[in-house]
K.L.:
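My questions will all concern the structure given below.
It should be emphasised that the depicted structure is a prediction, and the values quoted were computed from it without experimental measurement.
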Amino acid sequence: MTTASATGTALTPATGSALFDRWTALWNGDFGDPEAFLAPGFRIRFANAPENAATDEIHGPAGMVAFVRAFRAEKPGLLFAVDGTPTVDGAAGRAACCWYVTGPDGAHKSGIDLLEVEEGRIATVWSVTGLRRFAD
């Protein structure tokens, strides 16, 4: 695994935060320029299988955009947000952060995503979604 960015620098906390911001924006319906932050061979690994999705078949930025677009069409009005500051392991090229989602029906859920970053873009995401919002 390559952990350095295209410029040869290790993953930094600022880059990890920026990638989480862009990742969250994607989930909120910003489908512009996914190739800027998702690697060509992008993969996502869900711990719990979302309804009606063959998530193991999601490949590349276009595949992820298509998945999120369909997900948002089935569940409109969701708002995703980062919950706290991402924890970054620059040497391993990984960033992790809690997140939460709220819906127009009052639904609240939380999760944790772990991003594996290669050459400055997200190569793999491991994502776990809970059944409720994390307790304070």
K.L.:
Between W99 and D113, is there a side-chain donor-acceptor contact under 3.5 Å, judged purely by atom types and distance?
P.N.:
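Short answer, yes.
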K.L.:
Give the cluster check for V68 versus Y100: same hydrophobic cluster or not, with ILVMFWY residues linked at side-chain heavy-atom distances below 4.5 Å.
P.N.:
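Cluster IDs for V68 and Y100 differ.
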K.L.:
Indicate, with yes or no, if F31 and F20 share a hydrophobic cluster defined by side-chain heavy-atom contacts under 4.5 Å among Ile, Leu, Val, Met, Phe, Trp and Tyr.
P.N.:
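Yes, because F20 and F31 connect within a single hydrophobic cluster, where side-chain heavy atoms sit under 4.5 Å apart.
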K.L.:
If you take all heavy atoms of P104 and G77, which pair is closest and at what distance?
P.N.:
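Distance-wise, the nearest heavy atoms are CD-O, 3.3 Å.
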K.L.:
What about F46 and F67, are their ring centers closer than 6.0 Å?
P.N.:
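For F46 and F67, the ring centres are under 6.0 Å apart.
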K.L.:
List the atom of C98, the atom of I112, and the distance in Å for their closest heavy-atom pair.
P.N.:
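Minimum heavy-atom separation between C98 and I112: SG-CG1, 4.0 Å.
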K.L.:
Can T102 and H108 be said to form a side-chain contact (heavy atoms from CB on, under 4.5 Å), step by step?
P.N.:
CA-CA 5 Å; T102 56; H108 297 282; 3.0 Å; yes
K.L.:
Closest approach of A123 and A39, non-hydrogen atoms and distance?
P.N.:
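It is CA-CB, 3.9 Å.
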K.L.:
So W23 and L38, do their side chains get closer than 4.5 Å, heavy atoms only?
P.N.:
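Heavy-atom side-chain distance check passes, below 4.5 Å.
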K.L.:
Using side-chain heavy atoms (C-beta onward) and a distance below 4.5 Å, is L19 in contact with L115?
P.N.:
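A side-chain contact exists here, since the closest heavy-atom pair is under 4.5 Å.
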K.L.:
Which salt bridge (Lys or Arg N to Asp or Glu O under 4.0 Å) pairs, counting each pair once, include a residue from residues 24-33, with sequence neighbours left out?
P.N.:
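For residues 24-33, and leaving out neighbouring residues, the salt bridge (Lys or Arg N to Asp or Glu O under 4.0 Å) pairs sorted by first residue read R22-D30.
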K.L.:
Kindly give the cluster partners of L79, where membership spreads through any ILVMFWY side chain lying under 4.5 Å from a current member.
P.N.:
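None; L79 is a cluster of one.
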K.L.:
Side-chain contact, heavy-atom cut-off 4.5 Å: R121 with P40?
P.N.:
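Side chain of R121 against side chain of P40, heavy atoms only: contact under 4.5 Å found.
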K.L.:
Going through the distances and angles, do L26 and M64 end up as a side-chain contact (heavy atoms from CB on, under 4.5 Å)?
P.N.:
CA-CA 9 Å; L26 172 71; M64 189 61 204; 3.9 Å; yes
K.L.:
Show the numbers, then the answer: is there a side-chain contact (heavy atoms from CB on, under 4.5 Å) between T124 and F42?
P.N.:
CA-CA 6 Å; T124 306; F42 173 83; over 6 Å; no
K.L.:
If you take all heavy atoms of P86 and G16, which pair is closest and at what distance?
P.N.:
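Here P86 and G16 meet closest at CG-O, 4.3 Å.
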K.L.:
Mind running side-chain contact (heavy atoms from CB on, under 4.5 Å) on R94 and L114 for me, showing each step along the way?
P.N.:
CA-CA 7 Å; R94 291 183 170 177; L114 171 65; 4.0 Å; yes
K.L.:
Closer than 3.5 angstrom, by distance alone: can the side chain of S17 be matched with the main-chain N or O of P13 as a donor-acceptor pair?
P.N.:
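Such a contact is found between S17 side chain and P13 backbone.
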K.L.:
Report the distance from atom CZ of R69 to atom CD of E74, rounding to the nearest 0.5 Å.
P.N.:
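Answer rounded to 0.5 Å: 14.0 Å.
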K.L.:
Relative to each other, are the rings of W27 and F71 parallel, tilted or perpendicular (30° and 60° limits)?
P.N.:
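The rings of W27 and F71 stand perpendicular, inter-plane angle above 60°.
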K.L.:
Check whether any side-chain N or O of R72 sits under 3.5 Å from a backbone N or O of L78 as a donor-acceptor pair, and report yes or no.
P.N.:
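Yes, the answer is positive, given that a donor and an acceptor are paired below the 3.5 Å cut-off.
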